[in-house]
Amino acid sequence: MSELMYQVIFYAVAALVLGSALIVAMSRNIVHSAFALLLTFFSVAGIYVFLSAEFLAVAQVVIYVGGILVLILFAVMLTNKVRDVNLSNPSAPPYIAAPLVMIIFAGLLWLIMKTPWKTVGPQEIGAINDIGNALMGRYLLAFEVAAVLLLGALLGAAYLARKRKS
């Protein structure tokens, strides 16, 4: 693939990330926001692939798309009050939030431009095989403890969200 084609596809995926993230933030329909979030997560995984971070791309898809977002979609779809959801936030007027967002955006843009980014080759990052061996070897206990904690959090959330009989 030529360098120009690579850059065009990268910027197209980056634009897709920004566009879908804007839909997530601005949509008044929570189902539309959830599906736009799905597109955002997939696009971010695509950015990771372009940056030669395949493990992060796979983790992004498995954790965020496969776990969290599917859970959000099921919760949104199974709730009876989807049509009555009001996503407006009266405590944050837009005339106050807009200048703050612009200041934060300008600060982040300045920081991105002034940071001397280091580039590393894919061989320096480490292969997925090495990460898998580390997770199943040296960090097995921490990996299993994190899995049990996440399972406990999921069970606690399901317990709190259940319908109470009154």
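Computed from a predicted model, the values in this text were never measured in an experiment.
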Write out all pairs satisfying side chain to side chain donor-acceptor pair (under 3.5 Å) with one or both partners inside residues 38-48, taking only residues at least two apart or from two chains. Ser20-Thr40
Is there a continuous path of hydrophobic side-chain contacts, each under 4.5 Å between heavy atoms, that joins [X] to [Y]?
X: Leu56; Y: Ile47; answer: yes
X: Tyr11; Y: Val44; answer: yes
X: Met26; Y: Leu37; answer: no
X: Tyr6; Y: Val13; answer: yes
X: Val49; Y: Val65; answer: no

Report, as yes or no, whether the 6.0 Å neighbourhood of atom CE on Met5 holds more than 12 heavy atoms from other residues, nucleotides or ligands. no
Around atom CZ of Phe50, are there more than 12 heavy atoms of other residues, nucleotides or ligands at under 6.0 Å? yes
Mind checking the [atom1]-[atom2] spacing from [X] to [Y]? Nearest 0.5 Å is all I need.
X: Met136; Y: Glu144; atom1: CE; atom2: CD; answer: 6.5 Å
X: Leu111; Y: Ile104; atom1: CG; atom2: CD1; answer: 13.0 Å
X: Ser33; Y: Arg28; atom1: OG; atom2: CZ; answer: 10.5 Å
X: Leu155; Y: Leu150; atom1: CG; atom2: CG; answer: 11.0 Å
X: Thr115; Y: Met113; atom1: OG1; atom2: CE; answer: 10.5 Å

Hey, mind stepping through Leu16 and Phe42 against side-chain contact (heavy atoms from CB on, under 4.5 Å) and telling me if it holds? CA-CA 10 Å; Leu16 188 63; Phe42 270 122; over 6 Å; no
Cluster companions of Tyr139 among Ile, Leu, Val, Met, Phe, Trp, Tyr (side-chain spacing under 4.5 Å): none
Checking side-chain contact (heavy atoms from CB on, under 4.5 Å) for the pair Phe35/Leu38: CA distance, chi angles, key distance, verdict? CA-CA 5 Å; Phe35 280 109; Leu38 176 73; 4.3 Å; yes
